[in-house]
Asks: 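Quick one: this structure, given as structure tokens, is what I'll be asking you about.
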Protein chains: 2
Amino acid sequence: MFDTDTAHRPTNECLKITEVLARVGDKWSILVIGRLGDRSMRFNELRRSVEGVSQRMLTLTLRGLERDGLITRTVTSSIPPRVDYELTGLGRSLLVPVEQLARWAQEHRPTVEIARREFDSKMTADTV
Amino acid sequence: MFDTDTAHRPTNECLKITEVLARVGDKWSILVIGRLGDRSMRFNELRRSVEGVSQRMLTLTLRGLERDGLITRTVTSSIPPRVDYELTGLGRSLLVPVEQLARWAQEHRPTVEIARREFDSKMTADTV
DNA sequence: CCGCATCCAATTCGATACTG
DNA sequence: CAGTATCGAATTGGATGCGG
């Protein structure tokens, strides 16, 4: 998998894909994308909405998403200034597989948590 | 999104989901899962296959996946010892949305790369 | 209101060396 | 072969204070 060809092609495609997935993988990107799924939002609005994200990380996340062409950043030079973030078409297309993954996580979270507890209890039993 | 309810429920579900997605998000997990999609594999076989992963990181990744119930670890006490890793049913179910995401990445990678170059050139133009 | 810069703590990761 | 242990380097992230 991760390859159109039947053959096992380790480096080329995989590395590139990993690079793209790195954006999705980080802690905040998908949450921000999820929030922007409904409508465009302002900076502090997003900040409050995502909850737990620091100003710094939100800034970095938004820059990254903008760089990848997933969101647009629109500055309105008023006083106070206003900056709106909105998903691009590309960003909205990403929303589809991300929602699938979110659904998986939501559906299987209980199973995973049970597995974790079981694993952990086995480990502590070994050590003692 | 990321919520079954219509209302905006920021903390509860999202944090838990983030926690689960953190496993998928890290650099090696999805690659390992992808490799195990076809068949079970031994430790060093995986190590060579994933390519770029250090022994340490592969061990940590495999432990994490095992802890979450996504793979099984089977030890055969021979000389030399033999350890096989295999996807569980849960792991195979994760393979589905992950493949979708991989397809997205594969399909849109050129677009993303163009966006990145464009963004970067704008930035350097500003600075100078 | 938006966001950058700096400092500093914590975590992550690779390299290396050593065990059953 | 399949790990564990340790160490230093690099990356990451929060807190704070300043600037447009």
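Chain identifiers are assigned alphabetically (A, B, ...) following the order of the sequence lines, protein sequences preceding nucleic acid strands; residue numbering begins at 1 within each chain. Because only heavy atoms are used, hydrogens play no part in the values below, and waters and symmetry mates are left out as well, while side chains stay in.
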Asks: Mapping A:Asn44 and B:Met57 onto DNA chain C by nearest heavy atom, which one lands closer to the 5' end?
Replies: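 The residue mapped nearer the 5' terminus is A:Asn44.
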Asks: How many whole angstroms separate atom CG of A:Leu65 from atom C1' of C:dG3?
Replies: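 After rounding, the reported distance stands at 16 Å.
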Asks: Between P on D:dC1 and CG on B:Asp84, what's the gap in Å once rounded to a whole number?
Replies: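 The answer, rounded to whole Å, is 14 Å.
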Asks: Does some side-chain heavy atom of A:Arg117 sit less than 4.5 Å from a side-chain heavy atom of A:Asp120?
Replies: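 When only atoms from C-beta onward are counted, A:Arg117 and A:Asp120 do not touch, as no gap falls below 4.5 Å.
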Asks: Send over the distance from B:Phe43 CZ to C:dG20 C1', rounded to a whole Å.
Replies: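 Distance, rounded to whole Å: 15 Å.
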Asks: Would you say the side chain of A:Val112 lies within less than 4.5 Å of the side chain of B:Leu90, judging by non-hydrogen atoms?
Replies: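 Counting from C-beta outward, B:Leu90 and A:Val112 do come under 4.5 Å.
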Asks: Think A:Arg63 has a side-chain N or O under 4.0 angstrom from the OP1 or OP2 of C:dC4?
Replies: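 So the side chain of A:Arg63 is within the cut-off, an N or O lying under 4.0 Å from OP1 or OP2 of C:dC4.
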Asks: Output the rounded distance in Å from CH2 (A:Trp28) to P (D:dG14).
Replies: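 After rounding, the gap between these two atoms is 7 Å.
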Asks: For the helix from C:dC1-D:dG20 to C:dG20-D:dC1, what angle lies between the axis at the first five pairs and the axis at the last five pairs, to 10 degrees?
Replies: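 For the helix from C:dC1-D:dG20 to C:dG20-D:dC1, the axes at opposite ends meet at about 40°.
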Asks: Check the distance between C:dC4's C1' and A:Leu58's CG and give it to me in whole angstrom.
Replies: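 That distance rounds to 14 Å.
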Asks: In whole angstroms, how far is the P atom of D:dC1 from the CZ atom of B:Arg47?
Replies: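 Taking CZ of B:Arg47 and P of D:dC1, I get 11 Å after rounding.
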Asks: Find which nucleotide of DNA chain D each of B:Arg42 and A:Gly52 is nearest to by heavy atoms, and output the residue with the more 5' nucleotide.
Replies: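 First, find each residue's nearest nucleotide; the 5'-ward one identifies B:Arg42.
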Asks: Among the nucleotides C:dG3, C:dC13, D:dA15, which one has an atom lying closest to any side-chain atom of B:Arg56?
Replies: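 Among C:dG3, C:dC13, D:dA15, the one nearest the side chain of B:Arg56 is C:dC13.
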Asks: Considering only side-chain heavy atoms of B:Gln55, which listed nucleotide, D:dC1, D:dA2, C:dC2, is closest?
Replies: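 It is D:dA2.
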Asks: Rounding to a whole Å, what distance do you find between A:Arg82:CZ and C:dG3:C1'?
Replies: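 In whole Å, C:dG3 C1' and A:Arg82 CZ are 17 Å from each other.
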Asks: In a check of side-chain contact (heavy atoms from CB on, under 4.5 Å) between B:Val83 and each of B:Arg73, B:Arg42, B:Met41, which one passes?
Replies: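 Testing B:Val83 for a side-chain contact (heavy atoms from CB on, under 4.5 Å) against B:Arg73, B:Arg42, B:Met41 leaves exactly one candidate, B:Arg73.
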Asks: Look at B:Tyr85 and D:dC1 and indicate whether a side-chain polar atom (N or O) is within less than 4.0 Å of OP1 or OP2.
Replies: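 For D:dC1, neither OP1 nor OP2 has a side-chain N or O of B:Tyr85 closer than 4.0 Å.
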Asks: Looking at B:Ile33, B:Leu36, B:Leu87, which one forms a side-chain contact (heavy atoms from CB on, under 4.5 Å) with B:Arg92?
Replies: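 When side-chain contact (heavy atoms from CB on, under 4.5 Å) is applied between B:Arg92 and each of B:Ile33, B:Leu36, B:Leu87, only B:Leu87 qualifies.
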Asks: Kindly point out which of C:dC2, C:dG14, D:dA2 is positioned nearest to the side chain of B:Val83?
Replies: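 The closest nucleotide is D:dA2.
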Asks: Could you tell me whether the side chain of B:Arg35 reaches within less than 4.5 Å of the side chain of B:Leu46, counting heavy atoms only?
Replies: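 Contact flag for B:Leu46/B:Arg35 side chains = yes.
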Asks: Do B:Ser29 and B:Val24 have side chains that approach each other closer than 4.5 Å (heavy atoms only, starting at C-beta)?
Replies: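 B:Ser29 vs B:Val24: side chains apart.
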Asks: Specify the separation, in whole Å, of atom CG of B:Leu60 and atom P of C:dT11.
Replies: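 Interatomic distance, CG of B:Leu60 to P of C:dT11: 15 Å.
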Asks: Look at B:Arg73 and D:dG3 and indicate whether a side-chain polar atom (N or O) is within less than 4.0 Å of OP1 or OP2.
Replies: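 B:Arg73 to D:dG3 OP1/OP2: side-chain N or O found under 4.0 Å.
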Asks: Drop me the distance from A:Ile71's CD1 to A:Leu62's CG, to the nearest 0.5 angstrom.
Replies: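 Answer for the CD1-CG pair, A:Ile71 versus A:Leu62, is 4.5 Å.
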